[in-house]
Amino acid sequence: MRKIIHVDMDCFYAAVEIKKNPNLKGKALGIGGPPNSRSVLCTASYEARKFGVKSAMPSSQAVRLCRSLILIPPDFDAYKKESKAVREIFERFTDQIEPLSLDEAYLDVTNCKHFGGSATLIAQEIRRLIQTELNLTASAGIAPNKFLAKIASDWKKPNGQFVIRPEEIEIFVSTLPIEKIYGVGKVTATKMHAYGLSTCADLQKHSTVQLTQWFGSRGEDLYQLARGIDTREVETRWERKSLTVEETYGKDIQTLEQCLTRIPELYADWYGRIEKGDYQNRIKNIVIKLKFFDFKSTTHEEAINHFPQAEDFKRLLTKAWMRRAKPVRLIGLGVHLASAQPKSLLKSQEINSAQLQFAI
Ligand code: TTP
Ligand code: MG
(Lines give C-alpha, C1' and ligand atoms only; values in the text may rest on other atoms or scores of the structure.)
(Ligands and ions follow the chains in the order given, each with its own letter.)
Protein backbone atom coordinates (compact mmCIF):
# COMPACT_ATOMS: atom_id res chain seq x y z
CA MET A 1 0.00 0.00 0.00
CA ARG A 2 1.46 3.35 -1.06
CA LYS A 3 1.28 6.63 0.87
CA ILE A 4 0.67 9.62 -1.38
CA ILE A 5 0.34 13.24 -0.29
CA HIS A 6 -1.16 15.88 -2.56
CA VAL A 7 -0.25 19.39 -1.49
CA ASP A 8 -2.17 22.37 -2.91
CA MET A 9 -1.40 25.94 -1.90
CA ASP A 10 -4.33 28.05 -0.74
CA CYS A 11 -5.34 30.90 -3.05
CA PHE A 12 -1.81 30.71 -4.32
CA TYR A 13 -1.31 33.77 -6.53
CA ALA A 14 -3.47 35.93 -4.23
CA ALA A 15 -1.61 34.69 -1.13
CA VAL A 16 1.73 35.63 -2.71
CA GLU A 17 0.40 39.10 -3.51
CA ILE A 18 -0.71 39.51 0.12
CA LYS A 19 2.72 38.41 1.25
CA LYS A 20 4.25 41.12 -0.98
CA ASN A 21 1.80 43.72 0.31
CA PRO A 22 0.26 42.82 3.69
CA ASN A 23 -2.19 45.77 3.41
CA LEU A 24 -4.16 43.57 1.01
CA LYS A 25 -4.95 41.03 3.75
CA GLY A 26 -8.68 40.55 4.29
CA LYS A 27 -9.58 42.38 1.07
CA ALA A 28 -11.41 41.10 -1.99
CA LEU A 29 -8.61 40.48 -4.52
CA GLY A 30 -8.59 39.25 -8.06
CA ILE A 31 -5.39 38.38 -9.91
CA GLY A 32 -5.78 39.39 -13.54
CA GLY A 33 -5.81 42.22 -16.04
CA PRO A 34 -8.09 45.29 -15.96
CA PRO A 35 -11.84 45.03 -16.58
CA ASN A 36 -11.67 46.93 -19.86
CA SER A 37 -9.35 44.25 -21.29
CA ARG A 38 -10.43 40.77 -22.35
CA SER A 39 -8.46 39.36 -19.45
CA VAL A 40 -9.74 36.57 -17.20
CA LEU A 41 -8.85 36.09 -13.53
CA CYS A 42 -6.14 33.63 -12.54
CA THR A 43 -7.58 33.41 -9.06
CA ALA A 44 -9.41 35.36 -6.35
CA SER A 45 -9.04 35.69 -2.58
CA TYR A 46 -11.60 33.96 -0.38
CA GLU A 47 -13.16 37.36 0.41
CA ALA A 48 -13.76 37.88 -3.32
CA ARG A 49 -15.04 34.31 -3.78
CA LYS A 50 -17.93 35.14 -1.40
CA PHE A 51 -19.25 37.37 -4.19
CA GLY A 52 -19.06 34.55 -6.71
CA VAL A 53 -15.77 35.76 -8.17
CA LYS A 54 -13.58 32.85 -9.32
CA SER A 55 -10.71 31.67 -11.54
CA ALA A 56 -11.15 32.00 -15.31
CA MET A 57 -13.91 34.61 -14.92
CA PRO A 58 -13.53 37.71 -17.12
CA SER A 59 -12.25 40.65 -15.04
CA SER A 60 -15.18 42.74 -16.32
CA GLN A 61 -17.69 40.27 -14.89
CA ALA A 62 -15.74 39.98 -11.62
CA VAL A 63 -15.91 43.73 -10.91
CA ARG A 64 -19.63 43.72 -11.66
CA LEU A 65 -20.12 41.00 -9.04
CA CYS A 66 -17.83 42.60 -6.48
CA ARG A 67 -17.61 46.41 -6.63
CA SER A 68 -14.78 46.54 -4.07
CA LEU A 69 -12.62 44.04 -5.97
CA ILE A 70 -8.95 45.02 -6.12
CA LEU A 71 -7.42 43.75 -9.36
CA ILE A 72 -3.72 42.94 -9.43
CA PRO A 73 -1.80 41.91 -12.56
CA PRO A 74 -0.06 38.54 -12.18
CA ASP A 75 3.60 38.47 -11.16
CA PHE A 76 4.72 35.06 -12.36
CA ASP A 77 8.32 35.55 -11.24
CA ALA A 78 7.14 35.92 -7.64
CA TYR A 79 4.91 32.83 -7.92
CA LYS A 80 7.75 30.79 -9.40
CA LYS A 81 10.08 31.86 -6.61
CA GLU A 82 7.62 30.81 -3.89
CA SER A 83 6.87 27.59 -5.74
CA LYS A 84 10.57 26.75 -5.72
CA ALA A 85 10.79 27.44 -2.00
CA VAL A 86 7.82 25.13 -1.36
CA ARG A 87 9.53 22.43 -3.38
CA GLU A 88 12.64 22.79 -1.29
CA ILE A 89 10.54 22.01 1.79
CA PHE A 90 9.15 18.87 0.08
CA GLU A 91 12.68 17.74 -0.72
CA ARG A 92 13.52 17.51 2.98
CA PHE A 93 11.10 14.57 3.14
CA THR A 94 11.31 12.78 -0.20
CA ASP A 95 12.72 12.99 -3.71
CA GLN A 96 9.56 11.36 -5.07
CA ILE A 97 7.89 14.63 -6.09
CA GLU A 98 5.64 15.27 -9.08
CA PRO A 99 4.75 18.94 -9.53
CA LEU A 100 1.45 19.50 -11.36
CA SER A 101 1.63 23.27 -11.57
CA LEU A 102 3.26 26.05 -9.60
CA ASP A 103 0.96 25.45 -6.66
CA GLU A 104 0.41 21.71 -6.37
CA ALA A 105 2.40 18.50 -6.25
CA TYR A 106 2.15 14.83 -5.43
CA LEU A 107 4.64 13.32 -3.00
CA ASP A 108 5.15 9.60 -2.58
CA VAL A 109 6.21 9.20 1.06
CA THR A 110 5.85 5.40 1.20
CA ASN A 111 9.52 5.00 2.04
CA CYS A 112 9.94 8.20 4.04
CA LYS A 113 11.31 7.52 7.53
CA HIS A 114 10.26 10.80 9.20
CA PHE A 115 7.64 10.63 11.95
CA GLY A 116 7.76 6.85 12.02
CA GLY A 117 6.56 6.85 8.40
CA SER A 118 3.23 8.53 9.27
CA ALA A 119 2.07 10.30 6.11
CA THR A 120 -0.42 12.30 8.17
CA LEU A 121 2.30 13.71 10.41
CA ILE A 122 4.61 14.33 7.43
CA ALA A 123 1.87 16.33 5.71
CA GLN A 124 1.22 18.27 8.88
CA GLU A 125 4.90 19.11 9.22
CA ILE A 126 5.21 20.15 5.57
CA ARG A 127 2.26 22.51 6.03
CA ARG A 128 3.71 23.87 9.26
CA LEU A 129 7.04 24.59 7.55
CA ILE A 130 5.31 26.30 4.61
CA GLN A 131 3.48 28.52 7.07
CA THR A 132 6.35 29.38 9.38
CA GLU A 133 9.10 29.70 6.77
CA LEU A 134 7.19 31.13 3.82
CA ASN A 135 4.20 32.78 5.46
CA LEU A 136 1.86 30.95 3.07
CA THR A 137 -0.69 28.24 3.76
CA ALA A 138 -1.30 24.93 2.01
CA SER A 139 -3.84 22.14 2.19
CA ALA A 140 -3.01 18.47 1.87
CA GLY A 141 -4.71 15.21 1.01
CA ILE A 142 -3.27 11.90 2.18
CA ALA A 143 -4.37 8.65 0.54
CA PRO A 144 -3.08 5.40 -0.97
CA ASN A 145 -3.12 6.86 -4.51
CA LYS A 146 -2.96 10.08 -6.52
CA PHE A 147 -6.64 10.20 -7.48
CA LEU A 148 -7.85 10.07 -3.88
CA ALA A 149 -5.07 12.26 -2.46
CA LYS A 150 -5.99 15.06 -4.86
CA ILE A 151 -9.64 14.92 -3.94
CA ALA A 152 -8.76 14.80 -0.25
CA SER A 153 -6.64 17.97 -0.43
CA ASP A 154 -9.78 19.91 -1.36
CA TRP A 155 -11.80 18.55 1.53
CA LYS A 156 -10.45 20.73 4.34
CA LYS A 157 -9.35 23.74 2.30
CA PRO A 158 -8.05 26.29 3.26
CA ASN A 159 -5.20 25.44 5.62
CA GLY A 160 -6.38 21.93 6.41
CA GLN A 161 -5.69 18.30 5.60
CA PHE A 162 -7.75 15.18 5.13
CA VAL A 163 -6.77 11.52 5.20
CA ILE A 164 -8.43 8.67 3.33
CA ARG A 165 -7.32 5.38 4.85
CA PRO A 166 -7.47 2.18 2.78
CA GLU A 167 -10.45 0.84 4.75
CA GLU A 168 -12.34 4.11 4.16
CA ILE A 169 -12.01 4.12 0.37
CA GLU A 170 -15.16 2.18 -0.37
CA ILE A 171 -17.44 4.49 1.61
CA PHE A 172 -15.60 7.59 0.42
CA VAL A 173 -15.95 6.89 -3.29
CA SER A 174 -19.53 5.67 -3.15
CA THR A 175 -20.97 9.18 -2.78
CA LEU A 176 -18.30 10.88 -4.87
CA PRO A 177 -19.78 12.86 -7.81
CA ILE A 178 -18.45 11.75 -11.20
CA GLU A 179 -17.24 15.33 -11.80
CA LYS A 180 -14.51 14.65 -9.23
CA ILE A 181 -12.90 11.96 -11.39
CA TYR A 182 -9.87 13.35 -13.17
CA GLY A 183 -10.35 13.73 -16.91
CA VAL A 184 -14.12 13.96 -16.58
CA GLY A 185 -14.81 17.40 -18.02
CA LYS A 186 -18.09 19.05 -18.81
CA VAL A 187 -18.66 17.06 -22.00
CA THR A 188 -18.12 13.62 -20.42
CA ALA A 189 -20.09 14.62 -17.33
CA THR A 190 -23.11 15.56 -19.46
CA LYS A 191 -22.83 12.23 -21.24
CA MET A 192 -22.62 10.39 -17.92
CA HIS A 193 -25.70 12.14 -16.57
CA ALA A 194 -27.55 11.14 -19.71
CA TYR A 195 -26.73 7.50 -18.86
CA GLY A 196 -27.99 8.07 -15.30
CA LEU A 197 -24.50 8.20 -13.77
CA SER A 198 -24.07 10.82 -11.03
CA THR A 199 -21.76 9.19 -8.50
CA CYS A 200 -19.00 6.59 -8.45
CA ALA A 201 -21.54 4.18 -6.93
CA ASP A 202 -23.60 4.56 -10.14
CA LEU A 203 -20.51 3.82 -12.24
CA GLN A 204 -19.79 0.74 -10.13
CA LYS A 205 -23.02 -0.86 -11.33
CA HIS A 206 -21.63 -1.24 -14.86
CA SER A 207 -19.13 -3.64 -16.39
CA THR A 208 -15.93 -2.58 -18.13
CA VAL A 209 -17.49 -3.75 -21.39
CA GLN A 210 -20.42 -1.39 -20.90
CA LEU A 211 -18.22 1.50 -19.80
CA THR A 212 -15.95 0.95 -22.81
CA GLN A 213 -18.94 1.02 -25.11
CA TRP A 214 -19.97 4.34 -23.63
CA PHE A 215 -16.62 6.02 -23.01
CA GLY A 216 -14.17 4.28 -25.35
CA SER A 217 -10.63 3.72 -24.14
CA ARG A 218 -11.39 5.45 -20.82
CA GLY A 219 -13.87 2.71 -19.87
CA GLU A 220 -11.33 0.51 -18.11
CA ASP A 221 -9.91 3.46 -16.12
CA LEU A 222 -13.37 4.58 -15.09
CA TYR A 223 -14.18 1.08 -13.86
CA GLN A 224 -11.10 1.20 -11.59
CA LEU A 225 -11.43 4.82 -10.49
CA ALA A 226 -15.06 4.32 -9.47
CA ARG A 227 -13.68 1.82 -6.96
CA GLY A 228 -10.96 4.19 -5.76
CA ILE A 229 -8.23 2.26 -7.59
CA ASP A 230 -5.52 4.29 -9.30
CA THR A 231 -2.15 2.70 -10.06
CA ARG A 232 -0.47 5.77 -11.58
CA GLU A 233 2.99 6.32 -10.13
CA VAL A 234 4.26 9.65 -8.84
CA GLU A 235 6.25 10.69 -11.91
CA THR A 236 9.35 12.53 -10.81
CA ARG A 237 10.83 13.11 -14.24
CA TRP A 238 7.57 13.73 -15.99
CA GLU A 239 7.32 16.56 -18.43
CA ARG A 240 4.23 17.31 -20.44
CA LYS A 241 4.96 17.19 -24.18
CA SER A 242 1.49 17.88 -25.46
CA LEU A 243 -1.89 19.01 -24.28
CA THR A 244 -4.90 17.97 -26.30
CA VAL A 245 -8.61 17.50 -25.71
CA GLU A 246 -10.95 15.40 -27.78
CA GLU A 247 -14.56 14.42 -27.95
CA THR A 248 -16.30 11.45 -29.50
CA TYR A 249 -19.75 12.46 -30.63
CA GLY A 250 -22.84 10.36 -30.09
CA LYS A 251 -23.86 10.88 -33.71
CA ASP A 252 -21.43 11.33 -36.58
CA ILE A 253 -21.06 14.92 -37.69
CA GLN A 254 -22.03 15.12 -41.33
CA THR A 255 -20.62 18.37 -42.70
CA LEU A 256 -17.55 20.56 -42.36
CA GLU A 257 -19.70 23.48 -41.18
CA GLN A 258 -21.10 21.36 -38.35
CA CYS A 259 -17.60 20.24 -37.39
CA LEU A 260 -16.50 23.87 -37.20
CA THR A 261 -19.30 24.71 -34.76
CA ARG A 262 -17.80 22.18 -32.32
CA ILE A 263 -14.49 24.01 -32.09
CA PRO A 264 -15.44 26.74 -29.56
CA GLU A 265 -16.45 24.22 -26.89
CA LEU A 266 -13.31 22.13 -27.37
CA TYR A 267 -11.19 25.28 -27.46
CA ALA A 268 -12.67 26.50 -24.15
CA ASP A 269 -11.87 23.16 -22.52
CA TRP A 270 -8.33 23.19 -23.92
CA TYR A 271 -7.80 26.85 -22.98
CA GLY A 272 -8.72 26.20 -19.36
CA ARG A 273 -6.17 23.42 -19.12
CA ILE A 274 -3.35 25.21 -20.87
CA GLU A 275 -3.77 28.19 -18.58
CA LYS A 276 -4.01 26.16 -15.41
CA GLY A 277 -0.84 24.28 -16.30
CA ASP A 278 1.07 27.48 -17.10
CA TYR A 279 2.10 26.08 -20.50
CA GLN A 280 1.35 29.20 -22.55
CA ASN A 281 4.98 29.97 -23.29
CA ARG A 282 5.91 26.47 -24.42
CA ILE A 283 3.49 26.06 -27.32
CA LYS A 284 5.31 24.82 -30.43
CA ASN A 285 2.78 23.26 -32.80
CA ILE A 286 -0.99 23.13 -33.02
CA VAL A 287 -2.72 19.87 -33.86
CA ILE A 288 -6.11 18.72 -35.06
CA LYS A 289 -7.18 15.11 -35.02
CA LEU A 290 -10.24 13.76 -36.80
CA LYS A 291 -11.64 10.28 -36.61
CA PHE A 292 -14.08 9.53 -39.40
CA PHE A 293 -17.23 7.39 -39.30
CA ASP A 294 -15.20 4.33 -40.35
CA PHE A 295 -12.67 4.82 -37.50
CA LYS A 296 -9.94 5.94 -39.89
CA SER A 297 -8.22 8.94 -38.39
CA THR A 298 -6.04 11.74 -39.59
CA THR A 299 -4.06 14.43 -37.80
CA HIS A 300 -2.82 17.74 -39.06
CA GLU A 301 -0.09 19.68 -37.31
CA GLU A 302 1.43 23.09 -37.91
CA ALA A 303 4.03 25.25 -36.20
CA ILE A 304 2.64 28.40 -34.62
CA ASN A 305 4.35 31.55 -33.40
CA HIS A 306 1.44 33.15 -31.54
CA PHE A 307 -0.99 31.96 -28.88
CA PRO A 308 -3.48 29.79 -30.79
CA GLN A 309 -7.00 31.07 -31.21
CA ALA A 310 -10.12 29.09 -32.06
CA GLU A 311 -9.76 30.42 -35.62
CA ASP A 312 -6.38 28.70 -36.00
CA PHE A 313 -7.92 25.36 -35.09
CA LYS A 314 -10.81 25.96 -37.49
CA ARG A 315 -8.33 26.54 -40.31
CA LEU A 316 -6.49 23.32 -39.46
CA LEU A 317 -9.71 21.36 -39.13
CA THR A 318 -10.76 22.47 -42.60
CA LYS A 319 -7.49 21.17 -44.06
CA ALA A 320 -7.75 17.84 -42.23
CA TRP A 321 -11.41 17.38 -43.16
CA MET A 322 -10.76 18.04 -46.86
CA ARG A 323 -8.57 14.94 -47.00
CA ARG A 324 -11.63 12.72 -46.86
CA ALA A 325 -14.74 14.91 -46.67
CA LYS A 326 -16.62 12.19 -44.78
CA PRO A 327 -18.74 12.15 -41.58
CA VAL A 328 -16.71 12.61 -38.41
CA ARG A 329 -17.07 10.76 -35.10
CA LEU A 330 -14.28 12.40 -33.09
CA ILE A 331 -12.56 15.78 -33.06
CA GLY A 332 -9.42 16.46 -31.06
CA LEU A 333 -7.47 19.67 -30.77
CA GLY A 334 -4.40 20.74 -28.90
CA VAL A 335 -0.75 21.62 -28.97
CA HIS A 336 2.69 20.11 -28.79
CA LEU A 337 4.94 21.74 -26.23
CA ALA A 338 8.62 22.57 -26.24
CA SER A 339 10.73 21.34 -23.32
CA ALA A 340 10.61 23.54 -20.23
CA GLN A 341 14.28 22.82 -19.62
CA PRO A 342 16.52 25.19 -21.58
CA LYS A 343 19.07 23.19 -23.57
CA SER A 344 21.99 25.00 -21.96
CA LEU A 345 20.72 23.98 -18.52
CA LEU A 346 20.42 20.35 -19.55
CA LYS A 347 23.97 20.48 -20.81
CA SER A 348 25.37 21.92 -17.62
CA GLN A 349 23.48 19.31 -15.61
CA GLU A 350 25.06 16.60 -17.73
CA ILE A 351 28.48 18.04 -17.12
CA ASN A 352 27.82 18.22 -13.41
CA SER A 353 26.72 14.63 -13.18
CA ALA A 354 29.67 13.54 -15.32
CA GLN A 355 32.03 15.44 -13.03
CA LEU A 356 30.33 13.94 -10.04
CA GLN A 357 30.79 10.43 -11.35
CA PHE A 358 34.42 11.17 -12.02
CA ALA A 359 34.86 12.50 -8.51
CA ILE A 360 33.27 9.43 -6.96
P1 TTP B 1 -5.84 26.56 -7.75
O2 TTP B 1 -5.12 25.67 -6.80
O3 TTP B 1 -6.96 25.95 -8.55
O4 TTP B 1 -6.46 27.80 -6.98
P5 TTP B 1 -5.91 28.64 -5.77
O6 TTP B 1 -4.61 28.11 -5.25
O7 TTP B 1 -5.87 30.08 -6.16
O8 TTP B 1 -7.05 28.48 -4.69
P9 TTP B 1 -7.40 27.22 -3.75
O10 TTP B 1 -7.21 27.72 -2.37
O11 TTP B 1 -8.80 26.90 -4.08
O12 TTP B 1 -6.43 26.14 -4.12
O13 TTP B 1 -4.84 27.19 -8.77
C14 TTP B 1 -3.55 27.60 -8.36
C15 TTP B 1 -3.11 28.84 -9.08
O16 TTP B 1 -3.14 28.62 -10.49
C17 TTP B 1 -4.01 30.03 -8.81
O18 TTP B 1 -3.63 30.76 -7.66
C19 TTP B 1 -3.88 30.81 -10.09
C20 TTP B 1 -3.58 29.79 -11.17
N21 TTP B 1 -4.79 29.52 -11.98
C22 TTP B 1 -4.96 30.21 -13.19
O23 TTP B 1 -4.08 30.99 -13.58
N24 TTP B 1 -6.09 29.98 -13.93
C25 TTP B 1 -7.08 29.11 -13.53
O26 TTP B 1 -8.10 28.94 -14.22
C27 TTP B 1 -6.90 28.40 -12.30
C28 TTP B 1 -7.96 27.44 -11.80
C29 TTP B 1 -5.74 28.65 -11.57
MG1 MG C 1 -4.38 26.03 -4.87
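On a predicted model such as this, the values are computed, not experimentally measured, just so you know. Every number for a ligand or one of its atoms is a count from 1 in the order of the listing.
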For ligand 1, the portion of Met9 having any non-hydrogen atom under 4.0 Å away: backbone
So is Lys276 in contact with ligand 1, going by heavy-atom distances below 4.0 Å? yes
Which of the atoms of ligand 1 are close to Cys42, meaning less than 4.0 Å from one of its heavy atoms? 19 (C), 20 (C), 21 (N), 22 (C), 23 (O), 24 (N), 25 (C), 27 (C), 29 (C)
Heavy-atom contact check, 4.0 Å cutoff: does Tyr46 meet ligand 1? yes
Answer yes or no: does an N/O atom from Ser55 fall short of 3.5 Å to an N/O atom of ligand 1? no
For Phe147, all residues meeting ring-ring contact (aromatic ring centres under 6.0 Å, His included), sequence neighbours excluded: none
min-distance N/O/S atom, Asp103 vs the Mg ion (ligand 2), resolves to OD2
Any N/O/S of Glu104 under 2.8 Å from the Mg ion (ligand 2)? no
Before you tell me yes or no, could you show the steps for Asp75 and Lys20 under salt bridge (Lys or Arg N to Asp or Glu O under 4.0 Å), namely the whole-Å CA-CA distance, both residues' side-chain angles and the distance that decides it to 0.1 Å? CA-CA 11 Å; Asp75 174 1; Lys20 283 162 62 188; 2.6 Å; yes
Salt bridge or not between Asp312 and Arg315? Use side-chain N to carboxylate O under 4.0 Å. yes
Considering only heavy atoms, does Ile31 approach ligand 1 within less than 4.0 Å through its side chain, its backbone, both, or neither? neither
May I ask whether Arg49 has any heavy atom positioned less than 4.0 angstrom from an atom of ligand 1? yes
Is NZ or CZ of Arg329 both nearer than 6.0 Å to the six-membered ring centre of Phe293 and within 45° of the ring axis? no
Atoms in ligand 1 flagged as close to Asp8, the criterion being non-hydrogen separation under 4.0 Å: 2 (O), 12 (O)
Going by heavy atoms, is Pro158 under 4.0 Å from ligand 1? no
Residue and atom name of the nearest protein heavy atom (relative to atom 1 (P) of ligand 1), distance in Å to one decimal: Asp103 OD2, 4.1 Å
Trp155 vs Phe172, test: ring-ring contact (aromatic ring centres under 6.0 Å, His included). Steps then yes/no. CA-CA 12 Å; Trp155 231 250; Phe172 185 85; 4.9 Å; yes
N, O or S of Asp10 under 2.8 Å from the Mg ion (ligand 2): no
One thing to verify: whether Asp294 and Arg324 come together as a salt bridge, which I'm taking to mean a side-chain N less than 4.0 angstrom from a carboxylate O. yes
Determine whether the aromatic ring centres of residues Phe307 and Trp270 are separated by less than 6.0 angstrom. yes
Quick check: does Phe12 get an N/O under 3.5 Å from an N/O on ligand 1? yes
Does NZ or CZ of Arg227 come closer than 6.0 Å to the centre of the six-membered ring of Tyr223, within 45° of the ring's axis? yes
Would one find an N, O or S atom of Met9, in either backbone or side chain, under 2.8 Å from the Mg ion (ligand 2)? yes
So, of the N/O/S atoms that Asp8 has, which is the nearest one to the Mg ion (ligand 2)? OD1
Do we get Arg282 above Tyr279's six-membered ring, with its NZ or CZ under 6.0 Å from the centre and within 45° of the axis? no
Lys191 side-chain N/O to Val187 backbone N/O, donor-acceptor pair under 3.5 Å: no
Closest protein heavy atom (residue, atom, distance) for atom 15 (C) of ligand 1: Tyr13 CE1, 3.9 Å
To check your reading of the model: name the closest protein heavy atom to atom 17 (C) of ligand 1, its residue, and the distance in Å. Thr43 CB, 3.7 Å
Are Asp10 and Thr137 linked by a side-chain donor-acceptor pair shorter than 3.5 Å? yes
